[in-house]
Amino acid sequence: MAPLSNRVAVISDIHGNRHALEAVLEAVAAEQPDELWCLGDLVGYGPQPNECCSAVAARADLCLAGNHDLVVLGSLSIHDFAGDAATAARWTQTVLETGPRDFLAGLESSARRDGIELFHGSARDPVWEYVLSEETAWWTLQATTAPVVLVGHSHVPLAIGLDGEDLAGGLTRDGTVVDLAAGRWLLNPGSVGQPRDGDPRAAYLLLEPGRTASFHRVDYPIERTQTEMRERGLPEALAARLAEGL
Ligand code: ZN
């Protein structure tokens, strides 16, 4: 039996970038999916954490907690972050309101739904491990049994398939469609609010009950987010990188 009965849009790593999130939610709404899932990191880095939490709380059917969410909540130590990530997390702690805080506090870093396993980071370490190599992808596929495994955290869209002993795939560009029928798959939708694959557009993924995954990118007004970051005194490097998608 196919593991997926619903049409699902998947987003991840929003990082307080409201304009990117709004562009993605508009594109997703046009696709009319049955469900929206979010793989975590709603806050950190970006200028509008409260608005992003509220929008995801209102729209997502499932949401995970990412490492930035947990650091901002104080569930993980801020000393786990260095430099700009710590600076932005401290600022986010000072502005996060009760409603968004309560929403984040109720989230877990892994889940299982509709026959799919979901992690913010990886199956070995749902909070911190980055799946960017074939080796880390292999470990997560070994530690799971679902036909499709979803991860976020790296901000790089990926589709890596395991068919028998053979691992294949990698980075996915806008418009990539992957046939999930053969083997098992590890998928990362990429990042809404801080892409790191050289494409600055906001990312999302669509899963179809017919077992395909399609990767999408949408333009958003990057300069509006950058202006808000500078107004709030967030680190300049975090604003500048949005235009590069790195
Ligand atoms: Zn992130």
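Throughout, residue positions are numbered sequentially from 1 according to the sequence presented. Order of appearance sets the numbers: ligands from 1, and atoms from 1 within every ligand.
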Any salt bridge between R101 and D69, counting N to O under 4.0 Å?
-> no
Under a 4.0 Å N-O cut-off, is there an ion pair linking E22 with R18?
-> yes
Salt-bridge criterion met for D174 and R201 (N-O under 4.0 Å) = yes
Would a line drawn from the ring center of H68 to the ring center of F81 be shorter than 6.0 Å?
-> yes
D13 and H153: side-chain donor and acceptor closer than 3.5 Å?
-> no
Polar protein atoms (N, O or S) that approach the Zn ion (ligand 1) to under 2.8 Å = D13 OD1, H15 NE2, D41 OD2, H155 NE2
Got a salt bridge between E35 and R7, using NZ or NE/NH1/NH2 to carboxylate O under 4.0 Å?
-> no
